[in-house]
Amino acid sequence: RSIAGNKFRTLLTMLGIIIGIMAVIVIVGLGNGMTQSMRDSFASMGTNTLTVSVPGFGSRTVDVEEMYALADENPDLFEGMSPVVGLSGTVKVGRSTLDETSASGVSEAYLAMSGYTVAKGRGIQYVDVEDNKKICVVGAYVDRVGYGGNALGQTIKVGADQYTIVGVLEAKVSDPSSQEGSDDDVVCVPYTTALRAASSRTAGSYTFTLLDENDAAEGKQVIEERLTELFHSSSGFMVVS
């Protein structure tokens with residue numbers, strides 16, 4: 001009788017309840033969506049990676065196969081692993097020098113691990129690594145500035161060696177004026193080829209990708225414990241998430 005006798009007040013009460021519930025649902029939905037979006041964005045920037053620097057301890061170094069074995073022994077933590085070998089020397093396209101371009105030797109898994117997509121041609125393959133091939137994949141900036149967008153099949157010089165470009169990566173930086181020195185200003189070669197060019201048997205850096213970025217602390221601890229065991233010391237390496 002009270003509800004029937006106060007129809008207008010009842011209508012307002014119902015509207016208040018309905019709008020309140022809808023507002024809560026919308027806010028929670030937006031919050032969850034934004035949280036996931038930010039997680040995905042940070043993950044694409046590398047928050048699910050661990051960088052291991054191993055300059056060595058005395059005469060002791062870590063073999064590449066030992067690091068691969070470490071990743072294989074912990075499939076619940078690590079999705080992949082790649083050696084990273086820095087290439088010294090200037091990067092040249094013809095007579096032009098690309099001063100800010102970074103050149104590295106990596107595995108066939110590195111590009112996917114680092115969130116790259118091949119836009120033209122192909123990426124580094126297992127056979128390239130096994131056969132120490134002098135091929136490379138270049139970033140969008142190198143393709144655009146060095147070759148006018150036609151880098152595929154051309155050659156690029158890093159230090160004293162020339163590499164044939166078999167792939168071009170999709171741009172990560174949308175603003176072309178900000179690409180120099182960025183993730184789009186790169187040259188990637190097989191790590192075995194880079195080791196041979198550097199006359200070295202082992203890499204000084206490794207990148208591990210985690211199945212879940214929330215396990216970064218555990219993954220870091222696993223790597224540190226193994227390296228401490230190998231070196232018989234906690235010196236000679238650094239693990240950064």
Side-chain angles (χ1 to χ4, degrees), residues 40-41 43-49 51 64 79-200 203-209:
D40 293 342
S41 296
S44 68
M45 292 165 61
T47 56
N48 65 329
T49 65
T51 301
V64 170
E79 186 175 21
M81 193 283 297
S82 173
V84 180
V85 182
L87 278 172
S88 59
T90 56
V91 178
K92 287 189 174 183
V93 177
R95 295 184 178 180
S96 301
T97 300
L98 301 179
D99 295 320
E100 301 296 326
T101 305
S102 62
S104 302
V106 297
S107 76
E108 70 279 7
Y110 179 81
L111 297 177
M113 287 167 53
S114 301
Y116 283 108
T117 301
V118 177
K120 293 182 284 188
R122 64 174 179 86
I124 296 173
Q125 298 176 348
Y126 179 76
V127 67
D128 299 324
V129 176
E130 281 294 292
D131 295 343
N132 308 317
K133 290 189 176 180
K134 285 192 174 183
I135 58 91
C136 69
V137 176
V138 300
Y141 174 82
V142 178
D143 176 46
R144 178 172 58 84
V145 172
Y147 302 91
N150 297 300
L152 203 61
Q154 306 274 10
T155 59
I156 190 168
K157 192 173 183 181
V158 181
D161 297 313
Q162 280 198 335
Y163 300 87
T164 301
I165 300 170
V166 298
V168 176
L169 301 172
E170 189 174 295
K172 281 191 173 186
V173 180
S174 56
D175 184 0
S177 64
S178 301
Q179 285 184 316
E180 186 176 8
S182 72
D183 286 343
D184 294 332
D185 192 4
V186 295
V187 177
C188 296
V189 309
Y191 78 86
T192 50
T193 307
L195 286 174
R196 177 172 288 186
S199 300
S200 176
S205 180
Y206 299 86
T207 296
F208 285 76
T209 52

Check against side-chain contact (heavy atoms from CB on, under 4.5 Å), Y147 and I156: CA-CA 10 Å; Y147 302 91; I156 190 168; 3.2 Å; yes
Hey, is the main chain of [Y] close enough, under 3.5 Å, to the side chain of [X] for a donor-acceptor pair?
X	Y	value
Y116	D183	yes
T209	G80	yes
S82	S107	yes
D184	K172	yes
D131	K133	no
Y141	A171	no

Taking P190 as the fixed residue, which of V137, V129, V85 is the one that meets the side-chain contact (heavy atoms from CB on, under 4.5 Å) rule? V129
From CA spacing to verdict: side-chain contact (heavy atoms from CB on, under 4.5 Å), L87, Y163: CA-CA 12 Å; L87 278 172; Y163 300 87; 4.2 Å; yes
Rounded to the nearest 0.5 Å, what separation is found between the [atom1] atom of [X] and the [atom2] atom of [Y]?
X	Y	atom1	atom2	value
T207	Y110	OG1	OH	5.0 Å
Q162	K157	CD	NZ	6.5 Å
F208	T51	CZ	OG1	10.5 Å

[X] and [Y]: which non-hydrogen atoms are nearest, and at how many Å?
X	Y	answer
V186	V142	O-CG2, 3.8 Å
V93	G146	CG1-O, 3.3 Å
A194	V189	CB-CG2, 4.0 Å
V158	S88	CG1-O, 4.2 Å
C136	V187	CB-CG1, 3.9 Å
A203	V64	N-CG2, 4.2 Å

Quick check: are there more than 12 heavy atoms from other residues, nucleotides or ligands sitting under 6.0 Å from CZ of R196? no
Using a strict threshold of under 4.0 Å (side-chain N to carboxylate O), is an ion pair present between D143 and K120? yes
Just checking, is any N or O donor in the side chain of T192 or N132 under 3.5 Å from an acceptor N or O on the other one?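 Indeed, the side chains of T192 and N132 share at least one donor-acceptor pair under 3.5 Å.
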Among D128, D161, T193, whose side chain to side chain donor-acceptor pair (under 3.5 Å) with K134 holds?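 Going through the options one by one, the only one that passes is D161.
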